[in-house]
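When a residue number appears, it is its place in the shown sequence, counting from 1.
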Amino acid sequence: HISKALNDEHHGVRSAAIEHPNATSEHISKALNDKDYYVRNAAIKHPNATSEHISKALNDEHYYVRKTAHMAQKVKNE
């Protein structure tokens with residue numbers, strides 16, 4: 001039901017959906033294309049975010065998403 005919640009009109013529902021432990025790589029990819037930076041930021045924080053997700057987020061238009069991606073990249077490289 002994560003997929004359904006990622007299509008909700010409210011960004012809070014979409015953010016909560018992508019924070020779910022069962023969110024997949026496909027869910028994260030979808031969330032990284034969300035119009036709301038809160039959702040994109042939540043997506044890049046997910047433990048299942050891949051290096052490809054992080055690379056995409058490093059080029060996000062919003063500063064907070066880029067900053068979170070930078071921190072996620074540091075963690076993945078440790």
Side-chain angles (χ1 to χ4, degrees):
H1 307 346
I2 295 170
S3 296
K4 182 177 180 181
L6 286 174
N7 290 321
D8 195 273
E9 66 184 63
H10 299 288
H11 76 268
V13 173
R14 298 191 308 274
S15 292
I18 200 57
E19 291 171 354
H20 193 283
N22 291 339
T24 65
S25 178
E26 291 78 19
H27 293 131
I28 294 167
S29 293
K30 180 176 174 74
L32 284 174
N33 289 318
D34 197 277
K35 63 185 176 189
D36 194 287
Y37 81 90
Y38 286 109
V39 179
R40 299 192 308 273
N41 200 54
I44 205 59
K45 290 180 181 179
H46 199 284
N48 290 337
T50 65
S51 296
E52 291 78 18
H53 293 131
I54 294 168
S55 292
K56 178 177 176 142
L58 284 169
N59 294 313
D60 194 273
E61 64 187 42
H62 200 280
Y63 169 75
Y64 289 121
V65 178
R66 293 192 309 269
K67 183 176 177 181
T68 301
H70 180 71
M71 293 187 315
Q73 185 180 47
K74 286 175 67 175
V75 169
K76 288 265 186 206
N77 288 335
E78 288 181 356

For H46 against N48, the heavy-atom pair lying closest together: ND1-N, 2.9 Å
More than 12 heavy atoms of other residues, nucleotides or ligands under 6.0 Å from NE2 of H62: yes or no? yes
Which value, rounded to the nearest 0.5 Å, describes the distance between N41 atom CG and S15 atom OG? 8.5 Å
Is V65 reachable from Y38 through a run of I, L, V, M, F, W or Y residues, each pair having side-chain heavy atoms under 4.5 Å apart? yes
Looking only at atom types and distance, does a side-chain atom of R66 sit under 3.5 Å from a main-chain N or O of L58, one as donor and one as acceptor? no
About how many Å separate CG of D36 and CZ of R14, when rounded to the nearest 0.5 Å? 5.5 Å
Is the OH atom of Y37 crowded by more than 12 outside heavy atoms at less than 6.0 Å? yes
Check: R40 main-chain N/O paired with K45 side-chain donor or acceptor under 3.5 Å: no
Which side-chain N or O atoms in residues 26-33 pair as donor and acceptor under 3.5 Å with protein atoms at least two apart or in another chain?
| residue | atom | partner | partner atom | Å |
| --- | --- | --- | --- | --- |
| E26 | OE1 | T24 | OG1 | 3.2 |
| H27 | ND1 | T24 | N | 2.9 |
| H27 | ND1 | T24 | OG1 | 3.0 |
| H27 | NE2 | S3 | OG | 3.1 |
| S29 | OG | S25 | O | 3.2 |
| S29 | OG | H53 | NE2 | 2.9 |
| K30 | NZ | N7 | OD1 | 2.9 |
| N33 | OD1 | K56 | NZ | 2.4 |
| N33 | ND2 | S29 | O | 3.3 |

